[in-house]
Each structure stands twice: as C-alpha cells, then as structure tokens.
Amino acid sequence: MSNENKSIHEFDFSLICEYFSSIERQGPGSPEVTVKALSFIDGLTPQSRIADVGCGTGGQTIVLAQNAPGSIVGIDLFPLFVDGLNANARRMGLDSRVTGAVGNMDSLPFGDGELDLIWSEGAIYNIGFERGLNEWRRFLKVGGYIAVTEASWFTNERPDEINQFWLDAYPEIDTISNKLAQMERAGYTPVACFTLPESCWIEHFYVPQAAMQPDFLRRHQGNKTAEDLVANERREAELYHKYKEFYGYVFYIGKVNFLG
Ligand code: SAH
C-alpha cells in the first residue's frame with residue numbers, strides 16, 4: 001500500500017510528539033512574520049488577555065510575549081509541547097506573563113468576551129478554519145482580534161497532483177478570497193492578510209526537519225511507523241518545492257465586529 005498521501009493524524013502520537021518537539025516550530029512560520037502580524041493589532045495593554053491556540057512548543061508564543069504587552073496562555077493538546085513552552089518561558093524570564101496549559105481547541109477554557117486576542121499559527125486546521133473562527137469568536141471582546149495562519153490556494157486552478165494531495169490532507173483549503181469571506185461571515189472585519197514567505201516553510205520548517213531526521217531514524221531503526229513518518233514529511237517537503245506557486249500559508253487577521 002502506498003503511503004503517499006497519508007495524513008499526519010494517522011501516525012502514532014508519541015512518535016509525532018518526539019519528532020516535532022525536537023524542532024523549534026511545529027509548522028511553517030518565523031519570528032519576523034509573527035511580529036508583522038502583530039503590527040496590525042491595536043490597543044493591547046498590560047491588562048490584555050491573549051490566547052495562543054495550538055501553541056506547540058511555543059516558538060511564536062515567546063515572540064508574542066517579547067513584542068506585545070499582556071498575559072498569554074498557550075493551549076495545546078500535547079503535554080510534551082506544553083512542557084516545552086513552559087520551560088522556554090522560564091528560561092526567557094517570561095513566565096510571569098506566559099503560561100502553557102494542556103487543552104483542546106474544541107472546548108477552550110475561557111469565558112465569553114474574556115480575551116483581547118486569539119492567536120493561532122498552523123493549528124486552526126485541526127478543527128477547521130471556519131468552525132474555529134465561529135466557535136472562538138464568543139471568547140473575544142467586541143473590538144478584539146483574531147490572527148491565524150491557514151493553508152490557502154494562491155490560484156483558482158492548480159495541477160492535479162497537488163490538488164489531490166490537499167483534498168486528502170485538508171479539504172477545507174481554499175482561495176484567499178473565500179477564506180476572507182468566511183472570516184466576514186463569522187463576525188470579523190478582515191484587517192489584514194498576507195502570505196508567508198517561502199523561508200517560513202523552507203528555512204524555518206523543512207530544513208530543521210531534514211537536519212534531525214537521520215538522528216530520529218537512527219533512534220527508531222527498524223520502526224516502520226517512524227520510517228513512514230519521515231517519508232511522509234519528506235514527501236510533503238518535495239511537494240512544497242514543486243508546487244509552492246500554488247499554495248502556502250496566509251496570515252488572516254480579523255477584528256470582532258458587532259454584527260457576527
Ligand atoms: N503554533 C505552533 C504549532 C503548530 S502545529 C507553530 O506554529 O509552531 C499544530 C499544533 O496544534 C500542534 O502543536 C498540535 O499538538 C496542536 N493541536 C492539534 N490538535 C489540537 C487540539 N484539538 N487542541 C489543541 N491543540 C491541538
């Protein structure tokens with residue numbers, strides 16, 4: 001059987017955690033892009049409450065804390081990632097403002113209107129962009145912001161191979177204009193959107209993976225699941241290099257309006 005289009009979700013969770021916790025980011029992104037997205041958000045103060053949903057080991061959570069006032073709660077499903085964030089926050093002296101907590105994005109531990117900002121890089125796809133935007137809105141104040149990255153098509157048509165790959169991996173991938181319309185329908189006024197540069201995928205995501213894969217494979221020699229996981233990630237990287245004109249991550253930043 002071919003593993004070609006195997007989704008990451010089909011692999012053993014503990015192996016995935018081990019694999020991804022050894023790199024700084026668990027998805028495409030960069031400090032520069034986090035800071036750029038933050039530049040579109042007004043009105044944060046030391047009293048602001050921010051949630052970073054699907055924070056992973058907190059690469060972007062730390063950058064947020066270094067560049068925005070307020071307190072930040074990072075939420076992730078996996079304790080190993082949350083431990084990584086808390087350790088990073090302590091090391092950087094940010095633990096009075098940054099806390100990692102295990103939680104599920106489908107039942108976030110916040111009250112209505114409690115948050116000033118919801119951040120989520122490379123993670124909202126886990127419950128789906130449209131569902132996430134709709135369900136998380138009630139946690140935000142009117143005038144609060146959401147900032148998420150999401151896989152998006154850059155063109156209206158694309159080669160079959162990459163179309164099929166994404167329809168298997170994440171059928172909700174869509175064009176930027178359709179994603180913006182979904183954001184509007186969910187009760188946010190789009191404030192900005194921009195595509196992530198290739199370096200977010202290559203230098204910050206695939207290159208660090210390529211560097212650690214030989215070690216990971218050595219540690220799990222003969223383990224078919226580990227081999228499949230690496231093969232899967234390598235195939236994803238190859239597809240990215242081949243088809244990066246057709247898709248990528250886009251940062252969508254919206255402001256909660258009265259009408260949603
Ligand atoms: N924001 C980080 C991690 C992105 S990877 C970065 O950009 O580097 C996606 C993250 O979502 C992973 O850490 C994964 O553990 C987390 N995740 C997946 N499903 C989740 C869920 N249902 N609730 C909370 N976190 C989830």
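Residues take their numbers from the sequence shown, with the count starting at 1. As the structure is a prediction and not an experimental result, all values here were calculated from the model. Note that ligands are numbered from 1 as they come in the structure, with each ligand's atoms numbered from 1 the same way.
- The aromatic rings of Tyr240 and Tyr206 are tilted relative to each other, their planes meeting at an angle between 30° and 60°.
- Val53 and Ser120 get closest at one heavy-atom pair: O-OG, 2.9 Å.
- His220 and Phe216 have tilted rings, their planes meeting at an angle from 30° to 60° on a 0 to 90° scale.
- Seen from the ring of Phe129, Lys179 counts as a face-on cation partner, given the 6.0 Å and 45° thresholds.
- Among protein heavy atoms, the minimum distance from atom 8 (O) of ligand 1 is reached at Gln26 N, 2.9 Å.
- Ring-plane geometry between Phe40 and Phe194 is classed as tilted, the angle between the planes lying from 30 to 60 degrees on a 0 to 90 degree scale.
- Comparing Asn104, Val53, Asn126, Ile124 against atom 17 (N) of ligand 1, the shortest heavy-atom distance belongs to Asn126.
- Checked against a 3.5 angstrom limit, the closest N/O atoms of Met105 and ligand 1 fall inside it.
- No more than 12 heavy atoms of other residues, nucleotides or ligands lie within 6.0 Å of CD in Gln221, so this atom counts as exposed by the packing criterion.
- In Glu24, the CD atom is not crowded: 12 or fewer heavy atoms of neighbouring residues, nucleotides or ligands sit closer than 6.0 Å.
- Here is the list of ligand 1 atoms found below 4.0 Å of a heavy atom in Gly122: 4 (C), 5 (S), 9 (C).
- Of all the atoms in ligand 1, the ones that sit under 4.0 Å from a non-hydrogen atom of Phe81 are 13 (O), 15 (O).
- Note: an N/O pair closer than 3.5 Å links Asp76 and ligand 1 by distance alone.
- Selection from Arg25, His204, Gln60 by nearest heavy atom to atom 2 (C) of ligand 1 gives Gln60.
- Annotation: atom 25 (N) of ligand 1 to nearest protein heavy atom, Leu77 N, 3.3 Å.
- Which of Gly54, Ser107, Ala123 comes nearest to atom 3 (C) of ligand 1 through a heavy atom is settled by distance: it is Gly54.
- Of the protein's heavy atoms, Glu121 O, 3.5 Å lies nearest to atom 4 (C) of ligand 1.
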